[in-house]
Amino acid sequence: MQAIVGVAVRKACSDLFSAVLTDGQLQLQKTRKEFPGHFTVVVFPLTKISKLSPEATGELLGNYMVEQVPYVSAFNVVKGFLNVSMSQDFWSGFFTEALANARFGFAQEASGSHVMVEYSSPNTNKPLHLGHLRNNFLGYSVSEILKAVGHRVTKVQIINDRGIHICKSMVAWKNFGNGETPETSGLKGDKLVGKYYVEFDKAHKAQMKELVATGMDEERAAQQTSVMQQAQEMLRLWEARDKETIELWTMMNSWVYEGFTSTYQAMGVNFDKLYYESNTYINGKEEVEKGLAAGAFFKKEDGSIWVDLTDEGLDQKALLRKDGTAMYITQDIGTAILRFHDFPDLAYQIYTVGNEQEYHFKVLFKVLKKLGFEKADQCYHLSYGMVELPEGKMKSREGTVVDADDLMEEMAAVAHEVSAEQGKLEGLPEVEKKQLYHTIGMAALKYFLLRVDPKKNMLFNPKESIDFNGNTGPSVQYTFVRTRAILRRYAEANAGFDASKVMPTGHAMSEAELDVVAKIYEWPSVLELAAASYNPADVAHYCYDLAKLYNAFYQDHQIVREANEGARHFRLALTHKTGEVIRQGMSLLGIAMPDRM
RNA sequence: GGUCCCGUAGCUCAGUUGGAUAGAGCAGCAGAUUUCUAAUCUGCGGGUCAGGGGUUCGAAUCCCUUCGGGAUCACCA
């Protein structure tokens with residue numbers, strides 16, 4: 001569509017100056033709102049070929065376009081900027097088209113690309129916290145956005161179910177648990193296991209203190225506590241597939257998975273396939289051995305295997321310990337390759353992981369490349385910044401973790417309070433109310449975490465996140481609810497509402513109406529940009545802007561009560577379409593729209 | 001010390017490949033048919049885009065540099 005103007009400018013330059021424009025010379029943008037017009041051509045780059053002043057060039061082009069190009073109704077030149085206005089016909093034509101397309105903005109056909117998105121990927125010894133919320137919402141949202149532009153997406157996570165950290169919880173449970181289970185304790189499975197992880201730490205610290213009191217140095221004491229010794233023994237037994245150990249491990253992990261499942265359900269995220277580190281680390285070892293045989297890696301005297309990335313500007317990096325056991329990166333190599341085997345048509349993988357692991361992924365992708373995976377060049381680390389709290393940084397060690405379940409519950413509770421104050425939900429069944437509070441609370445949380453550029457560290461202010469005014473999820477929901485209320489009102493008086501029966505015909509749009517239509521016009525390009533930059537924040541801001549413009553329109557236009565049929569139908573259609581775009585846009589953020597609130 | 005990211009209004013954040021007088025929300029102040037849902041709308045005040053230099057018709061945006069904040073540089077995960 002913007003193409004219409006672009007093509008026109010190219011043709012004008014060819015006709016007027018007999019010059020072919022390069023992409024750099026053709027600069028089109030939306031006209032700033034303080035100037036009349038819809039699209040703006042930046043004429044500075046064109047003065048070189050016109051050999052005229054910017055103003056004269058603009059005038060010449062403007063005149064040509066008004067005369068020669070359909071839909072261009074007027075123009076003005078300010079300094080070096082040519083602002084062109086499109087006719088009402090153009091906008092109503094566009095709107096009619098958009099209205100007929102229920103999935104306007106979404107790809108009409110598959111792109112043919114298959115992308116894998118990994119997110120969440122928790123450890124099994126700790127419950128999910130605020131940082132995981134940003135991770136999950138981001139990963140889920142990017143997946144949905146990629147689907148919207150036509151890609152096939154497979155959502156996965158790698159579950160870090162192996163290693164010393166799991167053994168710690170196991171040891172503590174064995175020593176102090178007295179056979180406690182989620183059933184007997186009434187605790188969620190992941191919370192119960194997390195509790196024993198903390199118990200381990202307590203016991204470990206206490207025993208360390210005793211050892212240090214006997215004159216042992218701290219470093220040694222940390223290795224020598226009885227619980228630590230037990231944990232290491234447990235890891236050895238696990239690797240040796242000791243029956244009893246594996247049974248305990250399986251049982252405690254199943255508790256965790258049950259807990260995670262309910263947390264994911266509350267979050268509204270899901271996965272197409274799960275990978276377990278306990279399976280993939282073996283692949284990793286094999287791949288590293290293969291790479292060694294193929295000459296991609298080298299072995300040090302002590303038997304450890306390394307990759308040399310110094311000519312890539314990186315360092316040497318160990319891939320396998322001297323005792324032959326797997327490291328963190330070993331299992332990631334195995335997992336990545338396994339995935340390419342599982343899905344041979346995979347174009348690339350996206351890893352949603354915190355920015356503290358940027359170096360790790362740089363190394364990983366180089367290693368994959370060395371192993372012959374050309375697709376590794378396309379792999380992408382979707383890196384995001386830390387979520388900080390007003391009091392200070394969010395780190396699990398510092399005890400200021402905000403538990404994911406607790407936070408989600410709190411958000412729903414606040415939604416409850418605010419809704420009760422508003423008093424608009426009378427007559428709604430209790431079950432639906434409860435569902436609604438969750439929907440609103442999650443909208444607040446998700447929108448707050450997703451509206452910030454992923455790569456930036458962000459501040460999570462609990463108080464502000466639950467403010468339902470302003471640039472927030474609930475305020476966008478509210479605008480959607482408003483569109484529903486209006487259409488409902490119309491339907492009651494007119495035996496239903498059918499969008500296809502209220503086509504706008506010959507209505508001269510007001511400025512506020514045109515603002516909304518022009519915003520809807522932007523939707524496809526916003527979606528494209530969000531997909532290209534893996535940035536849900538673009539979608540969030542767009543939905544808010546659209547809602548804001550609709551509210552401004554709503555403020556001084558009659559809709560259902562409008563006497564003129566043409567205007568009434570146009571506004572009903574606009575209300576319908578705005579609601580749809582908001583609903584579809586917000587759904588890409590994983591945010592649901594209620595019918596009333 | 002090396003590498004990477006960030007620094008925009010009192011606070012939280014936007015700002016496409018360099019474009020016009022740098023924008024929203026919150027907080028503050030002043031207003032609006034008490035409705036087709038006011039969880040809204042309109043207006044006002046608030047800025048050395050961290051500092052300095054450079055590139056050019058034009059810089060918050062690109063380059064150099066200084067300062068400040070964060071991350072990372074394990075045979076940890």
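Naming convention: chains lettered A, B, ... in sequence-line order (proteins, then strands); numbering from 1 in each chain.
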Expected rows: protein N/O vs nucleotides 31-34 of chain B N/O, under 3.5 Å:
{"from": "rU33(B)", "atom 1": "O4", "to": "Q555(A)", "atom 2": "O", "distance (Å)": "2.9"}

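- Annotation: ring-ring contact (aromatic ring centres under 6.0 Å, His included) contacts of F200(A) (sequence neighbours excluded): H204(A).
- With its ring centre under 5.5 Å from that of the base six-membered ring and a plane angle below 30°, F44(A) counts as stacked on rG19(B).
- Note that R134(A) lies outside the cation-pi zone of F137(A), set by a 6.0 Å cut-off to the ring centre and a 45° limit from the axis.
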Shorter than 3.5 Å, N or O on both sides, protein versus nucleotides 6-13 of chain B: list them out with atom names.
{"from": "rG7(B)", "atom 1": "OP1", "to": "K456(A)", "atom 2": "NZ", "distance (Å)": "3.4"}
{"from": "rU12(B)", "atom 1": "O2'", "to": "R451(A)", "atom 2": "NH2", "distance (Å)": "3.3"}
{"from": "rC13(B)", "atom 1": "OP1", "to": "L459(A)", "atom 2": "N", "distance (Å)": "2.7"}

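- Across the protein-nucleic acid pair, F553(A) atom CZ and rU37(B) atom P stand 14 Å apart, rounded to whole Å.
- Using a distance-only test at 3.5 Å, with no hydrogens or angles considered, a donor-acceptor pair links the side chain of R321(A) to the main chain of A326(A).
- At a threshold of 4.0 angstrom between heavy atoms, the contacts of F468(A) include nucleobase atoms, whether or not backbone atoms are also involved.
- Rounded to an integer number of Å, the gap from F480(A) CZ to rU40(B) P is 17 Å.
- OP1 or OP2 of rU21(B) lies within a sub-4.0 Å distance of a side-chain N or O belonging to K79(A).
- With rA77(B), rU42(B), rA20(B) as the candidates, the nucleotide lying closest to the side chain of H165(A) is rA77(B).
- If you measure from atom NZ of K30(A) to atom P of rG23(B), you get 13 Å, rounded to the nearest angstrom.
- For the P atom pair drawn from rC63(B) and rG1(B), the interatomic distance equals 22 Å after rounding to whole Å.
- Applying the 3.5 Å distance criterion, the base of rA39(B) shares no donor-acceptor pair with the side chain of D467(A).
- As a whole-Å value, the separation of N535(A) CG from rG15(B) P is 7 Å.
- Checking rU37(B), rU16(B), rA77(B) against every side-chain atom of L529(A), the shortest atom distance belongs to rU16(B).
- A straight line from CD of E219(A) to P of rC76(B) spans 14 Å, rounded to a whole angstrom.
- Atom OH of Y550(A) and atom C1' of rA39(B) are 16 Å apart (whole Å).
- For Y478(A) against rU37(B), a side-chain-to-base donor-acceptor contact under 3.5 Å is present.
- Between the side chain of T40(A) and the base of rA20(B) there is at least one donor-acceptor pair of N/O atoms closer than 3.5 Å.
- Remark: K300(A) qualifies as a cation-pi partner of W306(A) under the 6.0 Å distance and 45° angle criteria applied to the six-membered ring.
- When the side-chain nitrogen and oxygen atoms of R32(A) are compared with OP1 and OP2 of rG23(B), one or more of them lie within a distance under 4.0 Å.
- Y490(A) comes within 4.0 angstrom of nothing in the nucleic acid, heavy atoms only.
- Rounded to an integer number of Å, the gap from L382(A) CG to rC4(B) P is 20 Å.
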